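These notes are about the structure you will find just below.
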Amino acid sequence: MAAARLRLLSAGLLSPAVSRARHSSSLQGLRALSTLSTTLGSGAGEDEIERIRREFEDAKRNYLSIPVAIKDMAKMNPQGIYVNKNVKLDDLQVYGFDYDYTLSHYSEHLQCLIYDLAKKHLVNELKYPESCLKYEYDHGFPIRGLYYDRLKGCLLKLDFFGSIEPDGCFFGRRKLSLSEIKELYGTRHIGRDQARQLVGLMDVFCFSEHFVDAKLEFDASYVYEDVNQSIQHVHRSGLIHRKILSEPQKYLIKNSQVFRFLKMLREKGKNLFLLTNSPFYFVDGGMSYLLEDEHFDGNSWRELFDVVIAQANKPTFYNSDHPFRVYDTQKDTLAFTAVDKFLPNEVYYHGCLKSFLQITKWRGPEVIYFGDHLLSDLRGPAKAGWRTAAVIRELEDEIEIQNGDSYRFQQAKLSIIHDLLGKVHATVVSTEKGQVYRALLDELNAERRQCRSAMRDLFNSSFGATFLTDTGRESSFAYHIHQYADIYTSKLENFLSYAPESWLHPPHDIKIMPHNAKVPASLFSGS
């Protein structure tokens, strides 16, 4: 899947088969780049700069050969568990799970369905132009972790520190230039305080929330409210749930490994609970379909869990005082009696974290909760002292791309260019040969732009990688993972590859996001 997206290879930028002689030539060229700074810092004249420029050109001609050193680098595990904070699995006695995109996963058809149902509501109920019906959901445009500015109507990608990605600001489908971004916002750096006023698109359901068409002459805030209302209607009315259950084979992806994981936890004596915002009939229909080929010791998937809570209203669940209600699965009614204990085979609605802790006596670090939505699912448990695990499907594909020769080739170039640019900038301060230096600076900057563009296109041609910005910084989405997820992985069954007594800890040379491997320029220095 990821291999099909390596556009640089298909475009002929990289040669899949090169001789050892060309590998050696490439290494020499890259090493020549990494030693430019020595000459720049020596106060050399224009003749020396011209010589460096020729070496630079020689090195660029050797780029087509991928250095052997890159191929020998260790690769990250796409199915790995990545750690922000130490977690000792043996200490965990209680495992909690969200349903959508955690226990269950969906095909790409789901986003098209949500999009289509929402736009019909906009046209039929809110009287939007019928021309809206012609638009189709574009899987290749959005990525997870974007922000929508409901006042200005822009879709933004922010970095770890709250700065707008230079190539990551769109109005409708039109990418705004850097000058247009500064005209709108005054600066690229809007900061996290101002970012809180934006609408964060953290989960996959939010993707289809924004199809602002630049040609529609509506106030952006009105369009946002209407589109948001339509998306909410699709979910709260049950339209989306009934449609999925009518064609589960089209929308749901079966995975026997999830059942293996849950069963393994039960056999180890762990307590399990399900905490979801979805209605019970939808969860029951989905789980029954997903596990219909498995063999239970009992009669129902519900016997895998000690507690089942539906329509929990997260994130309100974590800070409200709402009481639990017993849900009658046969009559579709809620009981009026108080809930002071959780009984086997019962289903509960609503509730709050305070009551949940009082009833179960499950405390702090012995509990881990798995979810896909960083704010609705994980922020509350993190503040309550639970351990948290983010399930992020995009992680696997992005690591596959980062492991590829195309990405590492461009990253190696970018690393060397960044080193050179830093030293060129430092040299410019103390020299009068500004014109000569600026010419070299322009060439290096152009090479840097080419690298960034090539790396972005490997992931998503509009917004690039989910976890990284074009400048190499972690994205705002990565910031939220770092803040609210103790561990993160692409799917639940990845835990089957780890011993139950494993102690998960960050690498000693931890970066902000430990799965983001770096290709250092020092790799190409020396003989």
Side-chain angles (χ1 to χ4, degrees), residues 97-126 128 132-139 141-144 146 148 199-212 223-255 258 274-292 301 308-317 327 329 332 347 349-350 371-377 391-394:
F97 302 92
D98 184 31
Y99 173 67
D100 293 299
Y101 287 100
T102 302
L103 289 174
S104 67
H105 287 286
Y106 299 93
S107 69
E108 290 186 343
H109 295 295
L110 179 61
Q111 297 311 310
C112 296
L113 176 63
I114 297 174
Y115 189 90
D116 290 342
L117 292 174
K119 70 183 182 184
K120 287 177 182 177
H121 185 266
L122 281 169
V123 172
N124 297 333
E125 302 299 328
L126 302 183
Y128 269 55
C132 290
L133 294 175
K134 71 180 181 181
Y135 296 110
E136 297 181 355
Y137 181 70
D138 182 0
H139 294 279
F141 178 64
I143 62 171
R144 205 173 185 187
L146 300 176
Y148 181 71
V199 181
L201 311 185
M202 287 293 167
D203 68 356
V204 183
F205 278 145
C206 289
F207 278 174
S208 45
E209 225 174 277
H210 306 287
F211 54 95
V212 179
V223 172
Y224 164 74
E225 294 298 338
D226 291 343
V227 172
N228 187 52
Q229 177 185 331
S230 298
I231 293 292
Q232 294 300 323
H233 169 76
V234 167
H235 286 86
R236 291 172 180 170
S237 67
L239 277 173
I240 190 68
H241 301 136
R242 291 191 293 272
K243 185 65 177 175
I244 291 172
L245 293 182
S246 70
E247 297 182 273
Q249 69 283 356
K250 180 177 181 180
Y251 298 107
L252 284 164
I253 300 173
K254 286 187 175 182
N255 185 354
V258 172
L274 175 63
L275 179 67
T276 175
N277 285 350
S278 293
F280 176 74
Y281 79 89
F282 176 63
V283 177
D284 184 47
M287 289 292 286
S288 298
Y289 170 77
L290 292 170
L291 302 180
E292 66 181 357
W301 63 266
V308 174
I309 302 168
Q311 287 202 335
N313 299 319
K314 295 175 293 181
T316 305
F317 176 90
Y327 174 71
T329 60
D332 188 28
V347 175
Y349 265 35
H350 311 318
D372 72 295
H373 196 296
L374 298 172
L375 302 184
S376 292
D377 289 335
V391 178
I392 306 168
R393 297 294 284 191
E394 294 88 347

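Numbers here simply count residues along the sequence, with the first being 1. None of the values given here were measured: they were computed from a predicted structure.
- No side-chain heavy atom of Glu394 sits under 4.5 Å from any side-chain heavy atom of Ile143.
- Defined by atom type and a distance below 3.5 Å, a donor-acceptor pair is missing between the side-chain atoms of Asp284 and Thr329.
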Side chain to side chain contact (heavy atoms under 4.5 Å, CB included) between Phe280 and Leu274, intermediate numbers included
CA-CA 11 Å; Phe280 176 74; Leu274 175 63; over 6 Å; no

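- Salt bridge absent: Asp116 and Lys243 never bring a charged side-chain N and a carboxylate O closer than 4.0 Å.
- When side chains are defined from C-beta on, Arg393 does not count as touching Arg144, because their heavy atoms never get closer than 4.5 Å.
- Between Ser237 atom OG and Arg242 atom CZ the span is 6.0 Å, to the nearest 0.5 Å.
- By the 4.5 Å heavy-atom criterion applied to side chains, Tyr289 and Gln249 are counted as neighbours.
- Distance check: Leu103 CG to Thr276 OG1 gives 8.5 Å after rounding to the nearest 0.5 Å.
- Under the side chain to side chain contact (heavy atoms under 4.5 Å, CB included) criterion, Ser230 pairs with Ala118, His121, Leu122, Leu126, not counting sequence neighbours.
- For the atom pair Cys112 SG and Leu117 CG, the distance stands at 11.0 Å (nearest 0.5 Å).
- A donor-acceptor pair is defined here as one N or O able to donate and one able to accept, closer than 3.5 Å; such a pair exists between the side chain of Asp377 and the backbone of Asp372.
- Taking a 6.0 Å sphere around CD of Glu136, one finds it holds 12 or fewer heavy atoms contributed by other residues, nucleotides or ligands.
- Between Tyr137 and Pro142, the closest side-chain pair of non-hydrogen atoms falls below 4.5 Å.
- Considering only heavy atoms from C-beta on, Leu110 comes within 4.5 Å of Tyr101 through its side chain.
- The NE2 atom of His373 lies 11.5 Å from the CG atom of Asp100; values are rounded to the nearest 0.5 Å.
- For the residue pair Tyr349 and Gln311, the shortest heavy atom distance occurs at CE2-OE1, 3.2 Å.
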Pair Lys314, Asp98 - check side chain to side chain contact (heavy atoms under 4.5 Å, CB included), show working.
CA-CA 10 Å; Lys314 295 175 293 181; Asp98 184 31; 3.0 Å; yes

Could you walk me through whether Asn228 and Gln232 pass the side chain to side chain contact (heavy atoms under 4.5 Å, CB included) check?
CA-CA 6 Å; Asn228 187 52; Gln232 294 300 323; 3.9 Å; yes

Might you work through the side chain to side chain contact (heavy atoms under 4.5 Å, CB included) test for Val283 and Trp301, ending with a clear yes or no?
CA-CA 10 Å; Val283 177; Trp301 63 266; 4.0 Å; yes

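- Going from atom CG of Asn277 over to atom OG of Ser376 covers 7.0 Å, rounded to the nearest 0.5 Å.
- Residues Leu275 and Tyr99 are not in side-chain contact: their nearest non-hydrogen atoms beyond the backbone lie 4.5 Å or more apart.
- Of the inter-residue distances, the one linking Leu239 atom CG with Lys120 atom NZ reads 10.0 Å to the nearest 0.5 angstrom.
- Between Ser104 and Leu252, the closest side-chain pair of non-hydrogen atoms falls below 4.5 Å.
- For Asp332 against Tyr327, the heavy-atom pair with the smallest separation is OD1-OH, 2.6 Å.
- Counting only distance, with no hydrogens or angles, the side chain of Lys119 and the backbone of Tyr135 share a donor-acceptor pair below 3.5 Å.
- Aromatic ring pairs are classed by plane angle as parallel below 30°, tilted from 30° to 60° and perpendicular above 60°; the pair His241 and Tyr281 is perpendicular.
- Residues Val223 and Tyr128 approach most closely at CA-OH, 3.6 Å, considering heavy atoms.
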